[in-house]
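Read through the structure below, which is laid out as structure tokens, and then see the notes.
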2 protein chains.
Amino acid sequence: MAKTWRPEADTDPVEACPIGPVVDMVFSRWTTPILWALHECGTQRFVELQRRLGGITPKVLTQRLRQLERDGLVARTYHAEVPPRVEYEITDLGRSLGSVFAALGEWSAAHMSEVEKAREAYTGPLPR
Amino acid sequence: MAKTWRPEADTDPVEACPIGPVVDMVFSRWTTPILWALHECGTQRFVELQRRLGGITPKVLTQRLRQLERDGLVARTYHAEVPPRVEYEITDLGRSLGSVFAALGEWSAAHMSEVEKAREAYTGPLPR
DNA sequence: CAGTATCCGTCTCGATACTG
DNA sequence: CAGTATCGAGACGGATACTG
């Protein structure tokens, strides 16, 4: 018995959208900027990341970093010194997303102005 | 004066992650499956979409469709008949995201198994 | 059919304070 | 420095009922 009733889907969700899982992993809130920063600027410490990302709170930054670490996209290295030092770097697996980011960057450069124009031209009601 | 205080960023947010805006637009909740369905299965009516997406509620589907329409990625056509008929189709601008989706699909096919292995291998604590 | 209008629970995020 | 603990606010989604 289902937990709650939902209108039956005609197709399996992941069949219907095969890129769902990877989207959830890579494009959740904050994960893209984190991966970008690590990719572009190399290995960084916790606070460096926090500053570069512009005001993400430590709690959320920790959450996202743990998740990325679990997924194998980011590596964490702890140095037992005083003061303690922790470094985060992107893994080869994470770096392999570069082509995806590049495709996104190219699309953005080529088409984002059209989006702007569409937004200005749009007059209909926006619910929310 | 700032609304709330945040630790100063060392760099401008969009400078820091140029693909932020396009990510917000394309990979928000439900938008990717909607675009995928319209891209793969062509023009569809409201209820067809709802069924194919597997139980999204009309409220949320409307919200997302309006947003996509405003951004110029989806076109809405109203036919004043009885019963009324509304059709949604992806625009050329929306279709141009195909290369991005393709890149994601390829990455997923090539690397998602590595992610699975990383997840299984991960023992550390996951906050949440 | 194609939505809109409400109400409400959940879950995430953010702000703030505190610790090893 | 590198986090953890706690609390509150708000977005988001689900259920249900109603309209043109």
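Below, chain A is the first sequence line, B the second, and so on; all start at residue 1.
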request  = Report yes if a side-chain nitrogen or oxygen of R45(A) is closer than 4.0 Å to either non-bridging phosphate oxygen (OP1 or OP2) of dA2(D); otherwise report no.
outcome  = yes

task = For L65(B) and for P84(A), locate the closest nucleotide of DNA chain C by heavy-atom distance; then report the residue assigned to the nucleotide nearer the 5' terminus.
result = L65(B)

message = Rounded to whole Å, please give me the gap between CD in Q67(B) and C1' in dC12(D).
response = 12 Å

key: Rounded distance (Å) that lies between atom P of dG13(D) and atom CH2 of W30(B)   = 8 Å

query = Given atom CZ of R51(A) and atom P of dC1(D), what is their separation to the nearest angstrom?
reply = 8 Å

message = Using the side chain to side chain donor-acceptor pair (under 3.5 Å) definition, which of the options E87(A), R52(A), Q50(A) pairs with Q44(A)?
response = R52(A)

remark   = Here the distance between atom C1' of dA2(D) and atom CG of L53(A), to the nearest Å, is 15 Å

query = Is there a side-chain polar atom (N or O) of Y88(B) under 4.0 Å from OP1 or OP2 of dG3(C)?
reply = yes

ask   = Can you tell me how far CZ of F101(A) sits from NE2 of H39(A), rounded to the nearest 0.5 angstrom?
value = 8.0 Å

inquiry  = Can you say whether a donor on the side chain of K59(B) sits under 3.5 Å from an acceptor on the base of dG3(C), or the other way round?
reply    = no

query = Thinking salt bridges, do E69(A) and R66(A) make one under a 4.0 Å N-O criterion?
reply = yes

ask   = Among dA15(C), dA2(D), dG13(D), which nucleotide sits nearest the side chain of R76(A)?
value = dA2(D)

inquiry  = Nearest to the V47(A) side chain among dC1(C), dC13(C), dA2(D), which nucleotide is it?
reply    = dA2(D)

task = Select one nucleotide: of dG3(C), dC13(C), dA2(C), the one nearest the side-chain heavy atoms of R66(B).
result = dG3(C)

inquiry  = Just to be sure I follow the notation: if a pair is Watson-Crick (purine N1 to pyrimidine N3 plus N6-O4 or O6-N4) or a G-U wobble (N1-O2 and O6-N3), each under 3.5 Å, what dot-bracket string does DNA chain D give, with | for pairs to another strand?
reply    = ||||||||||||||||||||

Q63(A) vs dT12(C): side-chain N/O to OP1/OP2 distance below 4.0 Å = no

request  = Take the protein atom CD of Q50(A) and the nucleotide atom P of dG3(D), then report the distance between them rounded to whole Å.
outcome  = 11 Å

message = Nearest 0.5 Å, please: how far is CG in L65(A) from CG in L38(A)?
response = 7.5 Å

key: Rounded distance (Å) that lies between atom P of dC13(C) and atom CD1 of I34(A)   = 11 Å

message = Does dA2(C) have its OP1 or OP2 closer than 4.0 Å to a side-chain nitrogen or oxygen of T62(B)?
response = no

message = Nearest whole Å is fine: how far is dT4(C) P from Y78(B) OH?
response = 12 Å

key: Atom pair distance, as rounded to whole Å: CZ in R29(B) and C1' in dG10(D)   = 17 Å

remark   = Nearest heavy-atom contact between P84(A) and R45(A) is O-NH2, 3.6 Å

inquiry  = Testing the 3.5 Å rule here: is there a donor-acceptor pair between the side chains of W107(B) and S99(A)?
reply    = no

message = Rounded at 0.5 Å granularity, tell me how far CD in E89(A) sits from SG in C41(A).
response = 14.0 Å

